[in-house]
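Predicted, not measured: the structure shown is a model, and the values here were computed from it. In this chain, residues are counted from 1 in sequence order. What you see below is based on every heavy atom in this structure, not just the backbone, and it leaves out hydrogens, waters and symmetry mates.
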Amino acid sequence: VDLGCGCGVVGLEALAKNRLKGLEALYFVERQWTYQAYLTHNLTQATKARATPRLYALMVDWRSLTPMALGGRVDYAICNPPWRPVSFRGSQNPAKRAAREALYGDLIDLLLTAQTIIKPYGRLTLAWPSADQATLRAALAKVTALKLSRVTIVKARKPWLILADLTVVA
């Protein structure tokens, strides 16, 4: 599952680089209908390029996502969520704000969804700004069913990102 996928770039890039081997299906979850046409186009092109896995777009808020919508609990989820707090107010454009700011749920909401939809011992890979590790640690202290198993620092450009691999333990 690619949570908050926007146009589907993160999930499709992971698929293209063979980082998601053995998948039967990949779900792209996005709440903003603004991205639907782009997501549909990208998934259509990706489906033409490869027969498997099956690719599905779900236009729903991740806070209301259930295992039933995914055909059961999943093994893996990825997310590059909005990082900035609502108080940031970086753009007047509502679509841009929703893509960059936690207008529709925060990190804890995301982690609670992940623990609900991912199987025990399944994983979540989360992109997060390295400068804001305190927020990630605080959220993980509240959502105890997810344990940090590995952190990778991505230094391609500033601000640096961390890829946090989390495992569902309960």
Side-chain angles (χ1 to χ4, degrees), residues 1-50 52-63 65 69-70 74-84 90-91 95-118 122-133 135-136 139-140 146 148-168:
V1 176
D2 183 350
L3 296 168
C5 69
C7 300
V9 173
V10 172
L12 290 173
E13 184 69 14
L15 188 62
K17 294 200 178 208
N18 234 3
R19 300 238 162 85
L20 303 175
K21 295 178 184 177
L23 289 182
E24 294 176 17
L26 182 54
Y27 292 87
F28 294 81
V29 177
E30 177 56 51
R31 78 169 307 282
Q32 291 194 78
W33 287 92
T34 307
Y35 293 111
Q36 184 182 27
Y38 304 111
L39 178 59
T40 300
H41 172 78
N42 289 342
L43 297 186
T44 300
Q45 295 305 311
T47 301
K48 288 178 184 176
R50 58 176 60 221
T52 58
R54 293 181 311 277
L55 307 176
Y56 300 100
L58 297 175
M59 302 306 292
V60 299
D61 188 322
W62 69 38
R63 295 173 295 177
L65 190 61
L70 305 169
V74 300
D75 295 310
Y76 183 66
I78 55 177
C79 186
N80 182 8
W83 304 325
R84 297 182 175 126
S91 173
K96 286 182 180 179
R97 284 195 67 206
R100 293 175 178 90
E101 300 172 35
L103 298 176
Y104 304 104
D106 59 14
L107 179 58
I108 291 176
D109 292 323
L110 170 67
L111 297 176
L112 290 171
T113 295
Q115 80 175 13
T116 301
I117 65 166
I118 299 172
R123 293 182 317 127
L124 166 68
T125 298
L126 175 69
W128 197 255
S130 62
D132 193 16
Q133 291 179 45
T135 299
L136 179 57
L140 288 171
L146 290 168
L148 188 61
S149 53
R150 182 177 64 175
V151 173
T152 305
I153 298 174
V154 179
K155 295 183 180 182
R157 61 183 168 91
K158 287 192 176 182
W160 293 346
L161 293 176
I162 57 173
L163 295 178
D165 282 322
L166 308 166
T167 302
V168 176

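With sequence neighbours left out, the side chain to side chain contact (heavy atoms under 4.5 Å, CB included) criterion links Val151 to Leu148, Ile162. Leu70 pairs by the side chain to side chain contact (heavy atoms under 4.5 Å, CB included) definition with Val1, Tyr27, Leu58, Leu65, Val74, Ile117, not counting sequence neighbours. For Gln45, the side-chain hydrogen bond (donor to acceptor under 3.5 Å, both in side chains) test picks out no residue, with sequence neighbours left out. Partners of Tyr56 under the side-chain hydrogen bond (donor to acceptor under 3.5 Å, both in side chains) rule, at least two apart in sequence or in another chain, are Arg54. Residues satisfying the side chain to side chain contact (heavy atoms under 4.5 Å, CB included) test with Thr47, not counting sequence neighbours, are Leu55. Looking at residues two or more places apart in sequence or on another chain, you find a side chain to side chain contact (heavy atoms under 4.5 Å, CB included) between Asp165 and Arg123, Thr125, Ser149, Arg150.
Closest of all the heavy-atom pairs between Asp2 and Gly11 is OD2-N, 2.9 Å. Residues Tyr35 and Cys7 come closest through the heavy atom pair CD2-SG, 3.6 Å. The shortest non-hydrogen separation linking Ala25 to Pro53 is N-CB, 3.7 Å.
Note that OG1 of Thr135 is 10.0 Å distant from CG of Asp106, once rounded to the nearest 0.5 Å. Atom-to-atom distance recorded for Gln115:CD and Leu166:CG is 11.5 Å, nearest 0.5 angstrom. Atom OG1 of Thr152 sits about 11.5 Å away from atom CG of Leu161, to the nearest 0.5 Å.
Annotation: side chain of Leu163 is in contact with side chain of Val154 (closest heavy-atom distance under 4.5 Å). Using a 4.5 Å heavy-atom threshold, the side chains of Ile78 and Leu126 count as separate. The side-chain heavy atoms of Arg31 and Met59, taken from C-beta on, include no pair separated by under 4.5 Å. Leu110 places a side-chain heavy atom less than 4.5 Å from the side chain of Leu3. Proximity of Leu12 to Leu43: side-chain heavy atoms (C-beta onward) are separated by under 4.5 Å at one or more points. Between Cys79 and Val10, the closest side-chain pair of non-hydrogen atoms is not below 4.5 Å. By the 4.5 Å heavy-atom criterion applied to side chains, Tyr76 and Ile118 are not counted as neighbours.
Not one N or O on the side chain of Gln36 forms a donor-acceptor pair closer than 3.5 Å with the backbone of Trp33. Looking at Asp109, its side chain never comes within 3.5 Å of a backbone N or O of Arg63 through a donor-acceptor pair. Checking side-chain atoms of Gln32 against main-chain N and O of Thr34 turns up no donor-acceptor pair under 3.5 Å.
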Show, in sequence, the C-alpha distance, side-chain angles and deciding distance for Leu39 and Cys5, and conclude whether the side-chain contact (heavy atoms from CB on, under 4.5 Å) test is met.
CA-CA 8 Å; Leu39 178 59; Cys5 69; 3.8 Å; yes
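Exactly one residue among Ile108, Leu107, Leu111 makes a side chain to side chain contact (heavy atoms under 4.5 Å, CB included) with Leu140. That residue is Leu111.
Among residue pairs with one or both ends in residues 32-47, none qualify as salt bridge (Lys or Arg N to Asp or Glu O under 4.0 Å); sequence neighbours excluded.
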